[in-house]
There are 4 protein chains.
Amino acid sequence: MPKIGMEPIRRRALVDAAIAEIGRTGTLDVTVSQIARKAGMSSALAHHYFGSKDQMFLSAMRAVLNSFGTEVCSSLRGLAGHKERILAVIGACFSEQNFRPEVVAAWLNFYVLAQTSPEARRLLTVYYRRLNSNLVHDLRPLIGTRAPGTARAIAALIDGLYIRQALREENLTGAASVALVSSYVESALSQEARP
Amino acid sequence: MPKIGMEPIRRRALVDAAIAEIGRTGTLDVTVSQIARKAGMSSALAHHYFGSKDQMFLSAMRAVLNSFGTEVCSSLRGLAGHKERILAVIGACFSEQNFRPEVVAAWLNFYVLAQTSPEARRLLTVYYRRLNSNLVHDLRPLIGTRAPGTARAIAALIDGLYIRQALREENLTGAASVALVSSYVESALSQEARP
Amino acid sequence: MPKIGMEPIRRRALVDAAIAEIGRTGTLDVTVSQIARKAGMSSALAHHYFGSKDQMFLSAMRAVLNSFGTEVCSSLRGLAGHKERILAVIGACFSEQNFRPEVVAAWLNFYVLAQTSPEARRLLTVYYRRLNSNLVHDLRPLIGTRAPGTARAIAALIDGLYIRQALREENLTGAASVALVSSYVESALSQEARP
Amino acid sequence: MPKIGMEPIRRRALVDAAIAEIGRTGTLDVTVSQIARKAGMSSALAHHYFGSKDQMFLSAMRAVLNSFGTEVCSSLRGLAGHKERILAVIGACFSEQNFRPEVVAAWLNFYVLAQTSPEARRLLTVYYRRLNSNLVHDLRPLIGTRAPGTARAIAALIDGLYIRQALREENLTGAASVALVSSYVESALSQEARP
DNA sequence: AATGAATGAGTTTTCATTCAT
DNA sequence: GATGAATGAAAACTCATTCAT
């Protein structure tokens, strides 16, 4: 019997290598060979497992989004307070894991990919809807009809900070980003309180 | 008689075509031939004028940033009130001209280019510094030490909304974007007012 | 207990699958994997049994030629009349079994293979010589020196009709083909009869 | 001004080289590079002019069929006698030009191509229909209802002899082939004459 | 015996770039 | 100034074949 069960291992290795290479070079113009080499195998094997470069990129994108989604879910587990939950989502966006420069750089490139690839766009839309509905869900009890606009602003802030991180802006840490977005949330919520 | 003074015309045509094609396809993966064809000339001529594809892209980027800079300047002319000036800058970001989907899509791709090309990064940094210093200059008198953070947030909001526009998000107009960012500015300023 | 005697079964399955795939696609550009999959095994096993793709194709060719040879032999068994025997050979060429479109398409491709592979050419030559000698043997007593030319014409007619069948020409049945060739034979023989 | 008007020259050179290479190797498995090298240029240029390998092959096929068609036309010019015209068509099939082994080998491969490529099949069908209608047109006045069957037989004979030629059968000359087919025509016509 | 794993060699195709005119 | 011609270099993808188990 042959060596068996390599597929998931290889796929995982390729996906990781793809993210790393896209992140490192900051472009989707990485060759399958580069990625495969980084993952320790031949480009032929990469094609064997993914069928095409596009499929590999989409898998990489799914991995990034899933990782993000998982982190959000586990952050939310057990939290009941609305504001608490909102801050947890924001925290997940800028967590150690998700806010690594190369992951964020890959993220930026996936935005670009989404202009070309309908499937990539779909993935991004799903992710965005989920983020949005999470935020609106917890904002509505606090600020009512202003919830959707505020959610949109939070999402935009996050994306904007991601761009800065992708550009390796100095002095931009996850903590600073969280602080910035949180402060926006505070002011948005407090506004409601005022007469 | 030789055609004289064609150079600026040709260059302009190529730059416009480059922006249009990058915006239309949503990717930097456009060929020189495509761009040259759209500009009504041969790809050889494009090389003649720009030396290389990269230089052409950089010129296109400069054009976009200049167009933006010019618009900001003319918006600011004659305005004295700090808040007024801040809102003018924001308005320029989402003006008819600058917020066209294809321009914004090109913009997003220039962010990506900046990861690879030091010159592109330099251009972006210059632009960003100018935007930032404009904002800080007018925020400081109003909110003091909170000015830098707020400026950063405004810039991030703008970039985040640009990404949404690049993705052709429905119901996202320049006016709505201005409203969203302005509302953030309002709340940031009003916060100061509180004891 | 080890499966015993699998070899001939596997080989037969592969040969059949090869003929079917070549016939189906109408080209030698079928992959070993395709054939192996159709035969219900891995491509590695196909190599195990045949050593190489070329050998597999040659075996497939041998199978087709053998099947044909066997059918001719059994058709001729017990037949004594010269004309009767000639018609029997012709009948075998267009029998249900041999004139199936996919077999004929494979046949056409074996002609092509024979241009490249000496062994394939040898097989085809052997088959052709046998067909020819069969025909000449029975034609000579009937038409003397005109036998070789007539045999060649009969063979050419058969090949020509095979090409039509490979192209899936409509209204071309085995029976119609037999009729056409037989009619030629009739006229060739009757010519002799004339003064 | 650039060197101009190379396109038809290059295309012709490539088509000739394609026919020669397909004929020489007896297979469609020739690479674009091989063909381009033989035609004295880079494979990139071949793609520039033909867009794809398939298109190049189709052009080669068209060239072969056109050459044939032209020769038939010029052979028929001025001939009025039905039998005379039939023999002229047959003569064209086996002319010095058309019956060159490599052309015939290419021809055989085009039959194979026609199994895969609808356009190739279309070309072949057109050619075949024209040949057939030429023959029937001149046979009908001579043998009435037997014309279609006889035409089909003549076409099959020609194709069969082409296969032999593609296999480089010894002692098979154009003249011998003409003789063989002509003799069939004679016997087919004389049959009618008999009571 | 049997197969999943793995790859080297090769093929088509694309494209920025150069050149001769 | 302007362009058709031309190509080298590289990329995605394929596949026969080998190997370890």
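Letters A, B, ... mirror the listed sequences (proteins, then strands); counts begin at 1.
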Novice: For DNA chain E, what residues of residues 35-49 of chain C have any heavy atom nearer than 4.0 Å?
Specialist: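 Result for residues 35-49 of chain C: C:Met41, C:Ser42, C:Ala44, C:Leu45, C:His48, C:Tyr49, sorted by number.
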Novice: Using the salt bridge (charged side-chain N to carboxylate O under 4.0 Å, His left out) criterion, which residues pair with B:Arg11? Sequence neighbours excluded.
Specialist: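 Salt bridge (charged side-chain N to carboxylate O under 4.0 Å, His left out) list for B:Arg11, sorted by chain: B:Glu7.
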Novice: Among pairs that include at least one residue of residues 12-40 of chain D, which meet side chain to side chain donor-acceptor pair (under 3.5 Å), considering only residues two or more places apart or in two chains?
Specialist: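 Side chain to side chain donor-acceptor pair (under 3.5 Å) check on residues 12-40 of chain D returns D:Arg12-D:Asp16, D:Glu21-D:Arg24, D:Glu21-D:Lys38.
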Novice: With a 4.0 Å cutoff (strictly under), does any side-chain N or O of B:Arg10 reach OP1 or OP2 of F:dA2?
Specialist: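 For B:Arg10, the contact criterion (side-chain N or O under 4.0 Å from OP1 or OP2 of F:dA2) is met.
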Novice: Select from C:Lys53 and A:Ser52 the residue whose nearest nucleotide in DNA chain F is closer to the 5' end of that strand.
Specialist: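 With C:Lys53 and A:Ser52 compared, the 5'-side residue is A:Ser52.
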Novice: Near DNA chain F, which residues from residues 22-33 of chain A have a heavy atom under 4.0 Å away?
Specialist: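 Output list: A:Val30, A:Thr31, A:Val32.
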Novice: Provide, to the nearest angstrom, the distance between the CD1 atom belonging to A:Ile4 and the P atom belonging to E:dA2.
Specialist: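 The answer, rounded to whole Å, is 16 Å.
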Novice: So what's the dot-bracket for DNA chain F: Watson-Crick or G-U pairs under 3.5 Å, [ ] if a pair crosses, | if it pairs off-strand?
Specialist: .||||||||||||||||||||
Novice: Between C1' on F:dA12 and CZ on A:Phe57, what's the gap in Å once rounded to a whole number?
Specialist: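 Those two atoms, CZ and C1', are 12 Å apart.
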Novice: What's the shortest heavy-atom distance between A:Ala105 and A:Ala166, and which atoms?
Specialist: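 Closest heavy-atom pair between A:Ala105 and A:Ala166: CA-CB, 4.1 Å.
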Novice: F:dT3 P sits how many Å from D:Glu7 CD, rounded?
Specialist: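 Atom-to-atom, D:Glu7 to F:dT3, this comes out as 17 Å.
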Novice: Using a 4.5 Å cut-off on heavy atoms from C-beta on, say whether the side chain of D:Phe57 contacts that of D:Val30.
Specialist: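 Yes, at least one pair of side-chain atoms sits under 4.5 Å.
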Novice: Which pairs pass salt bridge (charged side-chain N to carboxylate O under 4.0 Å, His left out) with one or both residues in residues 102-114 of chain A, sequence neighbours excluded?
Specialist: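 Every salt bridge (charged side-chain N to carboxylate O under 4.0 Å, His left out) pair that includes a residue of residues 102-114 of chain A, provided the two are not neighbours, is A:Arg100-A:Glu102.
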Novice: Sort and list the pairs that fulfil salt bridge (charged side-chain N to carboxylate O under 4.0 Å, His left out) and have at least one residue in residues 50-59 of chain B, not counting sequence neighbours.
Specialist: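 For residues 50-59 of chain B, and leaving out neighbouring residues, there are no salt bridge (charged side-chain N to carboxylate O under 4.0 Å, His left out) pairs at all.
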Novice: Taking CD from B:Glu21 and P from E:dC15, how many angstroms apart are they, rounded to a whole number?
Specialist: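 Those two atoms, CD and P, are 13 Å apart.
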Novice: Suppose we screen for side-chain contact (heavy atoms from CB on, under 4.5 Å). Which residues come up paired with B:Ala120, at least two apart in sequence or across chains?
Specialist: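 So B:Ala120 forms a side-chain contact (heavy atoms from CB on, under 4.5 Å) with B:Leu58, B:Met61, B:Leu113, B:Ala114, B:Ser117.
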Novice: Given atom CD1 of A:Ile9 and atom C1' of E:dG4, what is their separation to the nearest angstrom?
Specialist: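 Distance, rounded to whole Å: 13 Å.
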Novice: Just to verify, what does C:Ala60 make a side-chain contact (heavy atoms from CB on, under 4.5 Å) with, not counting sequence neighbours?
Specialist: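 C:Ala60 satisfies side-chain contact (heavy atoms from CB on, under 4.5 Å) with C:Val15, C:Ala18, C:Ile19, C:Phe110 once adjacent residues are dropped.
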Novice: What is the separation between atom CG on B:Asp54 and atom P on E:dC15, rounded to the nearest whole Å?
Specialist: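 From B:Asp54 CG to E:dC15 P: 16 Å.
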Novice: Tell me: CD of C:Gln55 to P of F:dT17, nearest whole Å?
Specialist: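 The distance from CD of C:Gln55 to P of F:dT17 comes to 10 Å, rounded to the nearest Å.
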Novice: Tell me every residue that passes side-chain contact (heavy atoms from CB on, under 4.5 Å) with C:Ala46, counting only those two or more places apart in sequence or in another chain.
Specialist: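 Listed in chain order: C:Leu14, C:Val32, C:Ala36, C:Met56.
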Novice: For residues 103-117 of chain A, which residue pairs pass the salt bridge (charged side-chain N to carboxylate O under 4.0 Å, His left out) check, not counting sequence neighbours?
Specialist: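 Listed by first then second residue: nothing to list.
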Novice: Closest nucleotide of DNA chain E for B:Gln34 versus for D:Gln34: which of these residues is on the 5' side?
Specialist: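 Taking each residue's closest nucleotide, the earlier one in sequence belongs to D:Gln34.
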Novice: Give me each pair satisfying salt bridge (charged side-chain N to carboxylate O under 4.0 Å, His left out) with a member in residues 111-121 of chain B, each pair once, sequence neighbours excluded.
Specialist: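 Of all non-adjacent pairs touching residues 111-121 of chain B, those that pass salt bridge (charged side-chain N to carboxylate O under 4.0 Å, His left out) are B:Arg62-B:Glu119, B:Glu119-B:Arg122.
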Novice: Quickly work out the A:Phe50 CZ to F:dT14 P distance and round it to whole Å.
Specialist: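 The distance from CZ of A:Phe50 to P of F:dT14 comes to 15 Å, rounded to the nearest Å.
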